[in-house]
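Single-structure report; data block below.
In what follows, chains are A, B, ... by sequence order, proteins preceding strands, each numbered from 1.
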There are 2 protein chains.
Amino acid sequence: MLKRSFDSIGWALPVNSSASTKERILTAAEALFAQRGFEAASLRQLTAAAGVNLAAVNYHFGSKDNLVEEVFKRRLDQLNNRRLAALKQVTAQSETTLEDVLGAFIRPALDLSHDGGGGLFMRVLARAFAEHDDSLRKFLSDNYGHVMRQFTTEFAKLLPGLSKEELYWRIDLVTGALTHAMSGFGIIQRKSDVSETTHREQTAEHLIRFAAAGLRAP
Amino acid sequence: MLKRSFDSIGWALPVNSSASTKERILTAAEALFAQRGFEAASLRQLTAAAGVNLAAVNYHFGSKDNLVEEVFKRRLDQLNNRRLAALKQVTAQSETTLEDVLGAFIRPALDLSHDGGGGLFMRVLARAFAEHDDSLRKFLSDNYGHVMRQFTTEFAKLLPGLSKEELYWRIDLVTGALTHAMSGFGIIQRKSDVSETTHREQTAEHLIRFAAAGLRAP
DNA sequence: CGATAAACAAAACGATCGTTTGACTGGTCC
DNA sequence: GGACCAGTCAAACGATCGTTTTGTTTATCG
């Protein structure tokens, strides 16, 4: 198989021994999926990392596929809720700027990369994006659709000169830039003398500045 | 395993029966890797699609890993050459605009998605991006580095007001938007009444307009 | 022609995969 | 106490994986 620099996990998983078996599986799954991908991550690696029996996955989740779906749902619901809450907050202000809405779109996504105990989920999502599965597309559309529609409506208000098609295109490109930044693949790497929080805020600022100008393009 | 809408390939591969075994394997591999991923695509599916014997892969390429690398190299070399040629052409003009350089960066990548017999490679690349493997990062850096440096130099000339760090960030975000657009995952889908060529040119125009504004952001 | 080597094909190899089975545990309720 | 049940565990199942082996065909060249 492909030689990877992490044929063994290499770092200890933060297994909370007091957590339930289900929780421990979910936590380990998120990390392992992010690191190895859905197909390459085996249930034997996963259950060993989680400190549970091999059969526990099929017992608690029915199948590996269901586990994948659960890992997704857990984080996507979080992201959706935070995005909508942030959007509600900025639109409640007397004057809402494009940067405000972009912040509500971008910051919860970047935040997700480091809290909730995981922080690797965005890589999972980036991988899933790339997998380009039709059933995944439908799943994301079902779970993301209403959020994207709300943001699109707000963007449209703030960019009245844009045609619908042009607007869809540009939001799509913003999503691409955001996904790329989140996946951490880009050339920009956090320097060791910058804290994770600071780096995330810098990323958000760069993204918002870039995206705002792109959206406002003539 | 994950239920996919294409558990069987579903469409006939354009296997040129006169092509050499090596070529047929490479062509089939590119399509299958794009569709299923590197890990999920089995040599049995691959060789069946290519119309060659199972052992042919290990005979001609040594291993599945080497095959993956060859698939990459073949397309990346093409992309690098076309980008550099396009860049050389626009910088030879009396006046080079930011849009020109962006076109030289973006158009060869978009073109790659539909010619050369494959057209699925960019999905492969997008997947690879998301896999976030360190060895892959090194591989891409080795094969991409000099091209990116040349483009960065040109961008720097055209955007004298930008700090180096800011410039790196913005080029990275442009790359993200480009990758996303190429992967075809976005909400924007080609309509059936638009030809592939037209759709590609529209994509290029949207991308260039968006990226130029983003790069020029105050 | 005979020799040499590259190319192809069929079959099997050991390993690993997701999943299932059946036994055993500890606790809960009648 | 005995019946019940969710949970855990070791062990095994059949399938599929990448790779190797072994033998045959095909082509090249002295």
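Across every non-hydrogen atom of A:Val71 and A:Phe33, the tightest pair is CG2-CE1, 4.2 Å. The shortest non-hydrogen separation linking B:Leu67 to B:Val57 is CD2-CG1, 4.0 Å.
In this entry the distance linking CD of B:Gln45 with P of D:dT16 reads 10 Å, nearest Å. Rounded to whole Å, atom C1' of C:dG18 lies 7 Å from atom CG of A:Asn58. What separates NZ of A:Lys64 from P of C:dT20 is a distance of 15 Å, to the nearest Å. In this entry the distance linking CZ of B:Arg44 with P of D:dT20 reads 13 Å, nearest Å. Put simply, CG on B:Leu54 is 16 Å from C1' on D:dG23, counting in whole angstrom units.
Taking CG of A:Leu173 as the start and CG of B:Leu207 as the end, the distance is 5.0 Å to the nearest 0.5 Å.
Ring to ring, A:Phe38 and A:Phe72 are close: their centroids are under 6.0 angstrom apart.
Side-chain N/O atoms of A:Arg74 and A:Gln78 include no donor and acceptor closer than 3.5 Å.
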Under 3.5 Å, N/O pairs linking protein and nucleotides 5-9 of chain C:
unit_1: C:dA7; atom_1: OP2; unit_2: B:Tyr59; atom_2: OH; d: 3.3
unit_1: C:dC8; atom_1: OP1; unit_2: B:Thr21; atom_2: OG1; d: 2.6
unit_1: C:dC8; atom_1: OP2; unit_2: B:Thr21; atom_2: OG1; d: 3.4
unit_1: C:dC8; atom_1: OP2; unit_2: B:His60; atom_2: NE2; d: 2.8

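Contact annotation: A:Ser42 does not reach the phosphate of C:dT16 (side-chain N/O to OP1 or OP2, under 4.0 Å).
Between B:Arg209 and B:Glu205 there is no salt bridge, since no side-chain nitrogen of the basic residue lies less than 4.0 Å from a carboxylate oxygen of the acidic one.
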